[in-house]
Structure formats: C-alpha cells, structure tokens
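One structure is given here, and the rest of the page talks about it.
A note on names: the letters A, B, ... follow the listed sequences, proteins ahead of strands, and every chain is numbered from 1.
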Amino acid sequence: MIEIYAQNMGCIYFAIAISQQKILVSTFSIDQKTALNNILDNLPFSTPFQFFHKPSAQARTALLALKDIYDGKDATINLSLATSDLPAYNRKVLNATASIPVGYVTSYGAIAKAVGGGARAVGKAMACNLFAPIVPCHRVVKSNLGLGGYAGGLQVKLEFLSREKRGFESPRTVEVNGAALEVFPVEYVLKKYV
DNA sequence: TGCAAACCATAAC
DNA sequence: GTTATGGTTTGCA
C-alpha cells in the first residue's frame, strides 16, 4: 500500500508518496491539484494507494524534511529514496546533485564532467527527477549562471535558491564518489535576477 | 549578442 | 534499429 500526502507550506503545496519507509515520489506546486497530479502521474498505473489526512510517523519526518528544505535549512533525510527502478545513469546524476551543499549551485556541464556523459543528458535526468526538492535539482543552473529550466517553474526555482543564501563568496569543489564537482555560491546566480 | 552545430542518454516508434 | 527530444554547451561571425 502506498500512502499519499499533500501539505501546504507558505504558498507552495508539497506532496509525497511513501511506501515501506521509502519515498516513491515527492513533488510540489503552487496548487494542490497539480501537486497531487504530479504524484499520480509518476506512480505505476495499477498500484493501490490511499490518501491520508493524518500522517504516519514516517510521513511526518518526510514532510518535516520538505519543510526544512523549503526554509533553506540543511535538511537531513533519514528515509531512503526509491531509486532502484531508475536507469543507472540517472541514479548517478541524482547522487551527484544530492551532494551539492546548501548555499551553492553547479552547472549541468559540471555534473556531466563529474559523472560522465553530456550536459543535455544531465538536464534530461533532472527533468524526470521524481524527488524534487529532496534531490535539489533547483541547485543546477546553466554554465553562464543563467537559471536554466525547472519543472516546477522558474519562479519557484528562484524562490528556493534565494532562501538558501549563505553569504558564501567563492567557488569550491566537492567530492562526489571520487570525482571533483565544482560548485558556486548561489549569490552568483541571484545577483543576475534582482 | 546571436545563431548553428555538437553533445549524449532515454523514450517512442 | 532508428529517430526525436531535451531544464546544455561551445564556437564562430
């Protein structure tokens, strides 16, 4: 059985689907209907599911984590993501994306360099990311520090990023399973959009 | 700046 | 198999 929840935070609706301690899909939108539709679109067609109003313990931790992410905090997720059905390449991309620290962004090309493949392939993997915003695909932008795209809308992407400002001033690199991934302060992006 | 061509993994046919 | 399709990038005028 799959549990589905929707919750309003600020001006955004978050929705998640959980089964057996694993997050199947997480998503969000400016209205509840779209958020729930996003969930349903990504579940196997014939899977039995049920809506709940009162979250279980596992759901509560997940929703709490979502709120932390929305607030720009450093959220720790202790629920695992159901990535086993994804193509291996997508998993690598998501994994690299997940290791971008709060307050930093990186580019599609930079991820491509770290995990192999090309920038467009990375963008493709992002586009079908089932775990927004737990996997912070909003922290991936174009190489010229333009916003790029976002399934949830560019406004929302900008919103997330501006909530994650940390005042970092210079680029750095992080390790993602052996390879170096270069990241930039979010301020680099934000100052182009004020 | 702006455009065209190369880029590379998926999905659809 | 082959083709179409991106949340790109790079090079060149």
Side-chain angles (χ1 to χ4, degrees), chain A residues 11-16 23-31 34-35 37-47 66 69-70 72 81-165 171-174 176-194:
Chain A
C11 49
I12 298 185
Y13 282 90
F14 288 88
I16 52 173
I23 296 181
L24 268 38
V25 188
S26 72
T27 184
F28 57 86
S29 176
I30 50 172
D31 69 285
T34 313
N37 277 337
N38 286 345
I39 295 278
L40 296 181
D41 284 346
N42 288 296
L43 290 178
F45 182 74
S46 58
T47 319
L66 285 176
I69 294 172
Y70 177 67
L81 306 176
T83 55
S84 46
D85 292 335
L86 270 47
Y89 183 76
N90 286 24
R91 272 209 301 276
K92 279 203 291 191
V93 172
L94 293 188
N95 183 47
T97 307
S99 53
I100 306 171
V102 178
Y104 289 96
V105 297
T106 190
S107 73
Y108 301 98
I111 291 184
K113 235 188 321 187
V115 305
R120 303 207 71 159
V122 172
K124 197 89 168 54
M126 295 278 141
C128 53
N129 172 25
L130 297 181
F131 308 105
I134 297 172
V135 172
C137 48
H138 55 277
R139 294 187 198 134
V140 185
V141 298
K142 298 212 292 186
S143 65
N144 62 4
L145 297 178
L147 266 187
Y150 199 59
L154 289 182
Q155 284 303 321
V156 180
K157 185 170 187 173
L158 207 52
E159 170 91 11
F160 270 114
L161 290 179
S162 56
R163 282 165 171 270
E164 293 182 353
K165 273 187 287 192
R172 54 175 278 218
T173 64
V174 296
V176 26
N177 56 25
L181 175 67
E182 54 176 346
V183 296
F184 308 89
V186 295
E187 280 81 356
Y188 282 28
V189 177
L190 292 176
K191 71 183 175 193
K192 296 183 61 159
Y193 290 90
V194 290

Roughly, in whole Å, what's the span from OH in A:Y108 to P in C:dT5? 20 Å
Select from A:K124 and A:R120 the residue whose nearest nucleotide in DNA chain B is closer to the 5' end of that strand. A:R120
Is it true that, when you exclude A:K192 itself, more than 12 heavy atoms of the residues, nucleotides or ligands shown sit nearer than 6.0 Å to its NZ? yes
With a 4.0 Å cut-off on heavy atoms, is A:C128 in touch with a base, just the backbone sugar-phosphate, or nothing at all? nothing
Ignoring the backbone of A:A119, work out which of B:dT10, C:dT8, C:dG7 is nearest its side chain. C:dT8
Given C:dG6, C:dT9, C:dG7, identify the nucleotide with an atom nearest to the side chain of A:A151. C:dG7
Would you indicate which nucleotide in C:dT8, C:dT5, C:dG7 comes nearest to any side-chain atom of A:Y150? C:dG7
Would you indicate what A:G118 reaches in the nucleic acid, counting non-hydrogen atoms under 4.0 angstrom: base, sugar-phosphate, or nothing? sugar-phosphate
Would you say A:Y70 and A:R163 are linked by a side-chain donor-acceptor pair, where the criterion is simply a distance under 3.5 Å? yes
C:dG7 - base-pair partner by Watson-Crick or wobble geometry, distances under 3.5 Å: none
Is A:S143 close enough to C:dT9 that one of its side-chain N or O atoms is under 4.0 Å from OP1 or OP2 there? yes
Quick one: label A:V140 by what it contacts on the DNA or RNA (base, sugar-phosphate, nothing), any heavy atom closer than 4.0 Å. base
4.5 Å side-chain heavy-atom contact, A:Y108 and A:S143: no
Could you label the plane-to-plane angle of the A:F14 and A:F28 rings as parallel, tilted or perpendicular, counting under 30° as parallel and over 60° as perpendicular? tilted
Could you verify whether a donor N or O on one side chain and an acceptor N or O on the other, from A:T34 and A:D31, lie under 3.5 Å apart? yes
A:A121 side chain, from C-beta outward: closest of C:dG7, C:dT9, B:dC8: B:dC8
Can you check the A:D41 CG to B:dA11 P distance for me, whole Å? 16 Å
Using a heavy-atom cut-off of 4.0 Å across all strands, would you classify A:G109 as base, sugar-phosphate, or nothing? sugar-phosphate
To the nearest Å, give me how far apart OH (A:Y89) and P (C:dG6) are. 18 Å
Can you tell me the distance, in whole Å, between the CG atom of A:N144 and the C1' atom of C:dG7? 13 Å
Think A:S107 has a side-chain N or O under 4.0 angstrom from the OP1 or OP2 of C:dT9? yes
To the nearest Å, how far apart are A:I111 CD1 and B:dA9 C1'? 15 Å
Residue-phosphate contact under 4.0 Å: A:N90 side-chain N/O, B:dT10 OP1/OP2: yes
Measure from CE on A:M126 to P on C:dT9 and round the result to the nearest Å. 11 Å
